[in-house]
Amino acid sequence: MSLVITGATGHLGRLVIEGLLTAGVPAGEIAAVVRDKDRAADLAERGVELRAADYNAPETLRGAFAAGDRVLLISSSEVGRRVAQHGAVVDAAREAGVALLAYTSILGGPDADFDLAAEHKVSERLIVESGLPYTFLRNGWYHENYTEHLAPVLEHGTVIASAGEGRVASAARADYAAAAVAVLTGEGHEGKAYELSGDVAWSMAEYAAEVAAQSGKGISYTDVPAERHLAVLTGAGVPKPMAAILVDVDAAVGRGRLAGTTGDLARLIGRPTTPLADAVSAGLRG
């Protein structure tokens with residue numbers, strides 16, 4: 001039996017593997033599913049097993065899992081292709097007879113009413129219908145979605161968004177990784193859906209004030225209509241389909257859809273979630 005991480009060379013996947021090793025899981029009991037083994041050479045050097053597979057090539061996934069494995073399916077980053085990709089993983093996991101399939105879904109699950117949630121909702125349904133033991137890790141927004149993109153904020157002196165006075169209960173990527181580690185290494189999580197979010201919900205104005213306080217620069221929040229926000233994003237080089245998704249998420253923020261502070265994340269990881277201020281500090285350090 002192995003603890004298997006798909007998308008293992010991504011930001012979240014690497015944090016999960018690091019968390020497993022830190023928790024004392026022997027490297028030989030961890031398997032990293034990767035498209036390119038060369039990109040995971042550092043993991044192999046530490047004793048982690050590499051299994052080559054591609055979400056877009058279902059035939060490669062048949063060798064990615066074994067009976068009794070506990071698998072973390074990290075959702076694909078390819079919006080618009082996720083249902084087929086995730087379905088291929090689910091089929092391969094079912095054929096192999098894995099002991100658990102944990103899936104990084106989205107906050108709200110079937111009740112989420114924004115575009116980015118659509119493929120996650122279908123993916124959850126496919127997992128339930130597969131008959132596999134499952135756990136849904138319904139991740140909220142990451143601090144890093146904002147703090148890894150501070151350069152234009154500092155350059156222009158403003159946080160531009162179309163979220164109104166809506167609030168975001170975000171947490172650090174490392175917090176969500178720690179939750180995945182807790183599920184993979186713990187017991188009693190089968191059939192559970194965890195609504196994961198930060199302990200504190202903040203507004204865009206509060207975020208701008210935090211950046212201003214830490215940077216020593218005059219930073220304000222500029223709330224703009226959705227159409228203007230879309231134009232700003234595409235003008236900055238964001239592809240229009242992705243820009244549209246980001247604007248739609250801001251509308252969801254304005255409706256309060258990402259403000260829930262359920263406490264599930266803190267309970268799973270056994271500590272408070274990382275404050276936004278810590279992520280801002282890290283973002284300013286680059």
Check your understanding: Excluding sequence neighbours, so at least two apart, what forms side-chain hydrogen bond (donor to acceptor under 3.5 Å, both in side chains) with Asp111?
Key ->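 Counting only residues at least two positions away or on another chain, Asp111 forms no side-chain hydrogen bond (donor to acceptor under 3.5 Å, both in side chains).
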Point to revise | Contacts of type side-chain hydrogen bond (donor to acceptor under 3.5 Å, both in side chains), residue Thr274, not counting sequence neighbours | key: Asp175
I'd like to know if [Y] and [X] are part of one continuous hydrophobic network [Ile/Leu/Val/Met/Phe/Trp/Tyr, side-chain heavy atoms within less than 4.5 Å].
X      : Y      : answer
Leu116 : Tyr146 : yes
Ile106 : Val168 : yes
Val224 : Val211 : no
Val98  : Val34  : no
Met1   : Val181 : yes

If you round to the nearest 0.5 Å, how far is [atom2] of [Y] from [atom1] of [X]?
X      : Y      : atom1 : atom2 : result
Thr273 : Leu265 : OG1   : CG    : 6.0 Å
Leu150 : Arg285 : CG    : CZ    : 12.0 Å
Ile245 : Asp250 : CD1   : CG    : 13.0 Å
Ser77  : Tyr55  : OG    : OH    : 8.5 Å
Ser220 : Met204 : OG    : CE    : 13.5 Å
Ile160 : Thr222 : CD1   : OG1   : 5.5 Å

Practice item. Not counting sequence neighbours, which residues clear side chain to side chain contact (heavy atoms under 4.5 Å, CB included) with Ala193? List them please. Key: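 Once residues adjacent in sequence are excluded, the partners of Ala193 under the side chain to side chain contact (heavy atoms under 4.5 Å, CB included) criterion are Phe136, Arg138.
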Check your understanding: Which salt bridge (charged side-chain N to carboxylate O under 4.0 Å, His left out) pairs, counting each pair once, include a residue from residues 15-28, with sequence neighbours left out?
Key -> Glu18-Arg46
Practice item. Could you name each residue pair satisfying salt bridge (charged side-chain N to carboxylate O under 4.0 Å, His left out) that touches residues 70-94, not counting sequence neighbours? Key: Arg70-Glu187, Glu78-Arg81, Asp91-Arg94
**Study point:** side-chain contact (heavy atoms from CB on, under 4.5 Å) between Val249 and Asp115, worked out
**Key:** CA-CA 8 Å; Val249 166; Asp115 294 343; over 6 Å; no
Is there a donor-acceptor contact under 3.5 Å from the side chain of [X] to the main chain of [Y]?
X      : Y      : answer
Glu144 : Ala279 : no
Arg51  : Ala64  : yes
Ser130 : Ile127 : yes
Tyr221 : Gly164 : yes
Thr6   : Leu72  : yes
Asp36  : Asp38  : yes
Trp141 : Ser170 : no

Check your understanding: Where do Val33 and Val71 land on the side-chain contact (heavy atoms from CB on, under 4.5 Å) test, with the steps shown first?
Key -> CA-CA 10 Å; Val33 176; Val71 178; over 6 Å; no
Atom of [X], atom of [Y] and distance for their closest heavy-atom approach:
X      : Y      : result
Ala259 : Ala169 : O-CB, 3.7 Å
Asp199 : Ala266 : OD1-CB, 3.5 Å
Val280 : Glu210 : CG2-CG, 4.0 Å
Leu196 : Leu107 : O-CD1, 3.6 Å
Ala177 : Leu15  : CB-CB, 3.6 Å
Thr9   : Ala40  : CG2-CB, 3.8 Å

Point to revise | Exceeds 12 heavy-atom contacts within 6.0 angstrom, atom CZ of Arg39 | key: no
[Y] versus [X], side-chain donor and acceptor atoms under 3.5 Å:
X      : Y      : result
Ser2   : Glu29  : no
Thr262 : Tyr194 : no
Ser203 : Glu165 : no

Practice item. Show the numbers, then the answer: is there a side-chain contact (heavy atoms from CB on, under 4.5 Å) between Glu49 and Ile30? Key: CA-CA 6 Å; Glu49 178 188 358; Ile30 303 170; over 6 Å; no
Do [X] and [Y] come close enough that some side-chain heavy atom pair is under 4.5 Å?
X      : Y      : value
Leu284 : Leu154 : yes
Val48  : Ile17  : yes
Tyr134 : Val128 : yes
Leu137 : Leu268 : yes
Phe114 : Arg255 : yes
Thr261 : Val200 : no
Arg14  : His11  : no
Thr135 : Leu100 : yes

Review point. Hey, mind stepping through Lys121 and Glu119 against salt bridge (charged side-chain N to carboxylate O under 4.0 Å, His left out) and telling me if it holds?
Key: CA-CA 5 Å; Lys121 291 192 281 189; Glu119 292 175 298; over 6 Å; no
Can you give each donor-acceptor pair under 3.5 Å made by side-chain atoms of residues 228-235, sequence neighbours left out, with the distance rounded to 0.1 Å?
| unit_1 | atom_1 | unit_2 | atom_2 | d |
| --- | --- | --- | --- | --- |
| His229 | ND1 | Ser162 | OG | 2.8 |
| Thr234 | OG1 | Leu230 | O | 3.0 |
| Thr234 | OG1 | Ala231 | O | 3.1 |

Exercise for review: Kindly indicate, with the supporting measurements, whether the criterion side-chain contact (heavy atoms from CB on, under 4.5 Å) is fulfilled by Ile5 and Ile74.
Suggested key: CA-CA 7 Å; Ile5 315 302; Ile74 295 180; 3.9 Å; yes
Exercise for review: If the plane angle is over 60° it's perpendicular, under 30° parallel, otherwise tilted; pick one for Tyr103 and His86.
Suggested key: perpendicular
Review point. Which is it for Tyr142 and Thr147 under the side chain to side chain donor-acceptor pair (under 3.5 Å) test, yes or no, and what are the steps along the way?
Key: CA-CA 9 Å; Tyr142 296 179; Thr147 61; over 6 Å; no
Check your understanding: Any salt bridge between Lys217 and Glu155, counting N to O under 4.0 Å?
Key ->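 Looking at Lys217 and Glu155, the cut-off is not met.
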